[in-house]
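Inspection log for the structure reproduced underneath, given as structure tokens.
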Amino acid sequence: SAKQNGRNCVRVFDPADPLTSDENENIAATLRIAVKNDLVSMAYQPIINMRTKQLEGVEALMRLKMADGTPLMPSQFIPVAERTGAIIELGLWAIRRVCEDVLVPGHAPLATVNVSATQLMSRGFALAVSTILDETGVSGEQLAFEITEGIDMAGQSDVIRCITALKAHGIRIWLDDFGTGFAGLSWLRLFPFDTVKIDRSFLSDTRGPAGRAMLEDIIRLIRNRGLKILIEGVETKDHTELMEELGIELGQGYFLGRPGPVADLVRVQTVRKARVARP
Ligand code: C2E
Ligand code: MG
Ligand code: MG
Ligand code: MG
């Protein structure tokens with residue numbers, strides 16, 4: 001990439017730039033062939049309704065392996081995919097895969113998919129999504145897109161236009177990782193979110209009274225806007241007890257279920273149904 005950009009003579013070496021390292025060059029190359037070569041897959045993590053203890057839905061999380069089988073985590077490849085634009089094709093592939101894997105067979109009532117600003121600002125995104133819904137027979141109400149408050153506010157009006165089009169298809173928009181960015185409050189003001197996911201750092205900070213007071217403040221803020229609350233990073237029984245005390249309706253985390261292949265979801269659901277059916 002340094003060589004390719006050398007022509008422009010303005011690119012200064014920056015060790016923090018993900019595309020200047022060989023490793024990220026490698027990731028970019030992998031991303032280009034990921035769909036065709038079956039290197040990309042989706043993992044599904046349960047979202048639990050804490051009142052009913054039932055599966056409310058699943059979050060779809062992208063997984064990628066290199067051609068030699070080495071797995072990569074989203075924190076390594078999503079930024080590269082966003083920067084190269086590969087996220088646009090991969091993101092649409094992911095939405096179709098989630099419809100076919102989870103929603104058509106009815107393994108969960110709802111699936112959420114993470115969507116980057118790059119996708120929301122790309123031409124034709126909402127139309128491509130509605131085509132996927134038509135072709136798979138999935139209703140928009142079965143789908144929610146998670147966007148993070150950290151996304152660039154520069155393309156705000158394009159993003160709002162896209163979100164409006166998606167909502168017209170019944171797709172809900174969730175705010176992800178709430179409390180980690182700087183723009184959280186403006187986002188809450190600007191967009192018609194359905195559910196807010198409170199970042200897992202708030203739950204892990206609740207050991208002391210200050211952390212807990214902060215979480216209570218955040219909950220009040222979200223509730224006053226009439227939005228649903230999900231808390232991320234439910235890792236212990238103590239966390240679920242705190243959620244009950246605070247009346248948080250939705251939870252997600254390793255204690256409630258780890259991300260896994262769709263087969264895990266089918267197995268859990270089968271066991272759950274058998275338990276319910278037992279007299
Ligand atoms: P996210 O959307 O906030 O997803 C939650 C992340 O927290 C996931 O990491 C999940 O595996 C992890 N997690 C779940 N429960 C727990 C827990 O109890 N404790 C801890 N410590 N972690 C937990 P993952 O899969 O590595 O994904 C990281 C991020 O990458 C996601 O954060 C999301 O922002 C992004 N991402 C993942 N898949 C996609 C995708 O298909 N498209 C886009 N645009 N972004 C994606
Ligand atoms: Mg998410
Ligand atoms: Mg999150
Ligand atoms: Mg996160």
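Read the numbers this way: they start at 1 and go in the same order the structure lists the ligands and their atoms. Because the structure is predicted, anything quoted here is derived from the model rather than measured.
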Is a side-chain N or O of [X] found less than 3.5 angstrom from the main chain of [Y], in a donor-acceptor match?
X	Y	answer
Asn49	Thr52	yes
Gln119	Ser116	yes
Thr70	Met66	no
Arg172	Glu141	yes

Should we say atom [atom1] of [X] is surrounded by more than 12 heavy atoms from elsewhere, each under 6.0 Å from it?
X	atom1	value
Met214	CE	no
Glu89	CD	no
Lys167	NZ	yes

Notebook entry, point to check: Quick one: are Asn114 and Thr148 in side-chain contact, heavy atoms under 4.5 Å?
Noted result: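 No - every pair of side-chain heavy atoms lies 4.5 Å or more apart.
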
[X], portion touching ligand 1 at heavy-atom distance under 4.0 Å:
X	value
Val113	neither
Gln45	side chain
Ile78	side chain
Glu59	side chain
Thr148	neither
Arg200	side chain
Arg63	side chain

Should you measure from each heavy atom of [X], which atoms of ligand 1 turn up under 4.0 Å away?
X	result
Met73	26 (O)
Glu232	3 (O)
Gln119	44 (N)
Glu235	17 (C), 18 (O), 19 (N), 20 (C), 21 (N)
Pro259	11 (O)
Gly233	17 (C), 18 (O)
Asp177	3 (O)

Next item on the list: Could you state whether Ile27 and Leu61 fall into the same hydrophobic cluster, counting links through intermediate Ile, Leu, Val, Met, Phe, Trp or Tyr residues with side-chain heavy atoms under 4.5 angstrom apart?
Entry: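 In one cluster with Ile27: Leu61, no.
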
Note to self: Applying a strict under-4.5 Å side-chain criterion to I, L, V, M, F, W and Y, I'd like to know whether Ile147 and Leu230 cluster together.
What the structure shows: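 Unlinked, Ile147 and Leu230 end up in two clusters.
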
Note to self: What I want to find out is whether Glu59 reaches Lys197 closely enough, with some N-O distance under 4.0 Å, to be called a salt bridge.
What the structure shows: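 The answer is yes: the pair qualifies as a salt bridge.
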
Checklist line | Heteroatom of Asp177 nearest to the Mg ion (ligand 3) (N, O or S, atom name) | finding: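 The Mg ion (ligand 3) is closest to the Asp177 atom OD1, counting only N, O or S.
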
Notebook entry, point to check: Considering only N, O or S atoms, which atom of Glu232 is nearest to the Mg ion (ligand 3)?
Noted result: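 So the atom name we want here is OE2.
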
Next item on the list: Would you name the N/O/S atom of Glu59 that lies closest to the Mg ion (ligand 2)?
Entry: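 Checking each N, O and S atom of Glu59, the shortest distance to the Mg ion (ligand 2) belongs to OE2.
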
Next item on the list: Output the atom name for the N/O/S atom of Glu146 with the smallest distance to the Mg ion (ligand 2).
Entry: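 Of all N, O or S atoms belonging to Glu146, OE1 is the one nearest the Mg ion (ligand 2).
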
Below 3.5 angstrom, do we get any N/O pair linking [X] and ligand 1?
X	answer
Ser116	yes
Gln252	no
Ser75	no
Met62	yes

Notebook entry, point to check: Looking at the Mg ion (ligand 2), is one of the N, O or S atoms of Asn114 less than 2.8 Å from it?
Noted result: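 Yes, Asn114 qualifies, because one of its backbone or side-chain N, O or S atoms lies under 2.8 Å.
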
Notebook entry, point to check: Name the one of Lys53, Met50, Glu235 that satisfies side-chain contact (heavy atoms from CB on, under 4.5 Å) with Thr240?
Noted result: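 Answer after filtering Lys53, Met50, Glu235: Met50.
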
Item checked: Verdict with reasoning, Glu249 to Lys228, per salt bridge (charged side-chain N to carboxylate O under 4.0 Å, His left out) -> CA-CA 8 Å; Glu249 49 261 80; Lys228 259 190 275 176; over 6 Å; no

Next item on the list: Could you tell me the separation between the CG atom of Leu31 and the CZ atom of Arg83, rounded to the nearest 0.5 Å?
Entry: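 Leu31 CG to Arg83 CZ: 13.0 Å, rounded to 0.5 Å.
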
Notebook entry, point to check: When rounded to the nearest 0.5 angstrom, what is the spacing between CG in Asp194 and CG in Leu227?
Noted result: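 The CG atom of Asp194 sits 7.5 Å away from the CG atom of Leu227.
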
Notebook entry, point to check: the Mg ion (ligand 3) to Asp176: any N/O/S contact under 2.8 Å?
Noted result: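 A backbone or side-chain N, O or S atom of Asp176 is under 2.8 Å from the Mg ion (ligand 3).
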
Next item on the list: Could you check which of Phe77, Phe145, Tyr254 puts a non-hydrogen atom nearest to atom 13 (N) of ligand 1?
Entry: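 Comparing heavy atoms across Phe77, Phe145, Tyr254, the nearest one to atom 13 (N) of ligand 1 lies in Tyr254.
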
Checklist line | Selection from Ser201, Ala94, Pro74 by shortest heavy-atom distance to atom 28 (C) of ligand 1 | finding: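 The nearest heavy atom belongs to Pro74.
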
